[in-house]
Amino acid sequence: MISAQDKTIPLMQRNLSEGFACVNTQLSLLKNQTGLIQVGEFLSQATQLANQLPAGKHLINLCENRYLFTLSFCAAIIKGQTTLLPQNRAEETQRNLLNEYADTYLLHDSLSLLQESSAKEFLPTDIPQINLHQLTLRKDIATEIPMIDADFLAAIAFTSGSTGKPKANKKYWRTFAISTLMNGSAMLPKIDELIQVLATVPAQHMWGMETSVLMPFFWRVCVSDLRPLFPQDIAKSLTSLTAPRLLVTTPVHLRALVNSKISMPTCSRILCATAPLSSSLADEAEKVFAGDLLEVYGCSEIGSTAYRSTAKSESTYWTLIDGLQFTSEIESDIVTHKIVGDHLPDAQLLQDQLDIQGNQFQLLGRNEDMIDIGGKRGSLLEMNALLLTAPGVTDGVVFLLEADCNKNQIQRPAALVVAPETSRAEITTHFSKHLDPVFMPRPLVFVSELPREENGKLRRVRLLEFYKNLRSGI
Amino acid sequence: MSVQTAAQHEMAQLLVEALNLEDIAAEDIAPDEILFGEGLGLDSIDALEIALAISQKFGVQMQADDAGVRDAFATLASLTDFVQSHKK
């Protein structure tokens, strides 16, 4: 039994002859071998890869393929190197990380260096980098599972911070191992067969990391390397897996899936997170997949935190994952609720306002600054600061319009800009250098001035009214 | 900048509606303007929205491993051509 007090924790807790991953993509690293990869095979590959990694303290793992990402993440742990998980793939983000974390190299699976491709990915050329497509591993099976120092810093997950400087969330092996044990217990269906997992979310973000990268280290799941986007592709990818299946997704993907009316293979469990899900969509999704949907609430600091059966439950209460607890702190007569767990380095404050009842809670309001689009978290304050530094911008504001919850549509930040001499393209380019494209303000409207009050304040009510008049005037 | 055909205009309207591109008029999208990344600056979530709107309006299901879908999303013109040739 693994506990948070252990000095060392095994790298995994699996039977070596069981399935670990389903590889559908031909990968030169694996000599194009596709199909089921056993735990022992994976472990042997990770150990071989660890021996081929360059010296260094940190690495940025940019692998797009989920299997290659997982393999590299595991190899880095074996070699004792910390994986940096940038909040986006923008050029400035990587530059800043490289400046701040000395002795870092880049690991990627970009094909564009090997063959003609339209990918215009930014890869800095002045630091050591390793392209997995240029290596090969021999076929072998590991017989032993290594022990890892529980205090080893396995990863630093960066999230957008209000100050514009990303927040570094430290993930020790203890944290990852114990939270994965907790997550599996809360999220996986209680069945004896090996569960095959498909995720529509990227491996680099915490939701995808927890469910599609870490889960097979401690639970009897086998994860597909695919990340399908369109409903037809998701149906096909699921069909290639053997039941019982599990789908890891977001409300954005679910909405497209349900509305496409394409018939889907059964999934015993659907896990959905990153944005609020309506109970009607949850209900439809359960019908489409003939399985149970569990909605998960979490944040990068803690990881998955709570869950609920959104389709069946009349209640809007979330249940904390077993192993996490609320703690109240009183400072200057103000009560704040934080979450603690034996495996977490610190007590963590949740971003949202909560109403707490025992180990259950209700969300009263979302934090106004942080917004989440397709599993990516961004800060409005950061976007505002960025807008104002764009060339030629004299004034401007990035804000959220009032949400229409019933439409289940993704809410994008909107922007009003005062920049008489600047073109839309110049602002777009400025944003794309610093931020993930999903946070590009939309609409971005040029105005002659903002509805500021005499003291310079910009009130939300006035801003929304101004915007409404502006739109109806067109 | 070339002028939109009737089919391209219909597709441009679909894009503007599906993506809430309130600040862009359908007729302002040039047939050969790059839709993703630079140019209009669309992303994968948009691709999903567009695919959904196309399946609802034209009954054409986009799928990434279909040869040509990646290229189809390049411009208004290529997207229109792809849908026209796959329409039932």
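Residue numbers begin at 1 in each chain, while the letters A, B, ... track the order of the sequences.
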Any idea which heavy atoms bring F230(A) and A47(B) closest together, and the distance?
-> CE2-O, 3.4 Å
Considering non-hydrogen atoms only, spot the tightest contact between L52(B) and S260(A) and give its length.
-> CD1-N, 3.9 Å
Quick one: CZ on R442(A) to CG on D46(B), what's the gap to the nearest 0.5 Å?
-> 4.0 Å
Say you draw a straight line from CG of N259(A) to CG of L48(B); how long is it, rounded to the nearest 0.5 Å?
-> 10.0 Å
If one checks every heavy atom of A425(A) against chain B at 4.5 Å, the contacting part turns out to be neither
Could you pull out all residues at least two apart from Q232(A) that satisfy side-chain contact (heavy atoms from CB on, under 4.5 Å)?
-> I262(A), Q61(B), Q63(B)
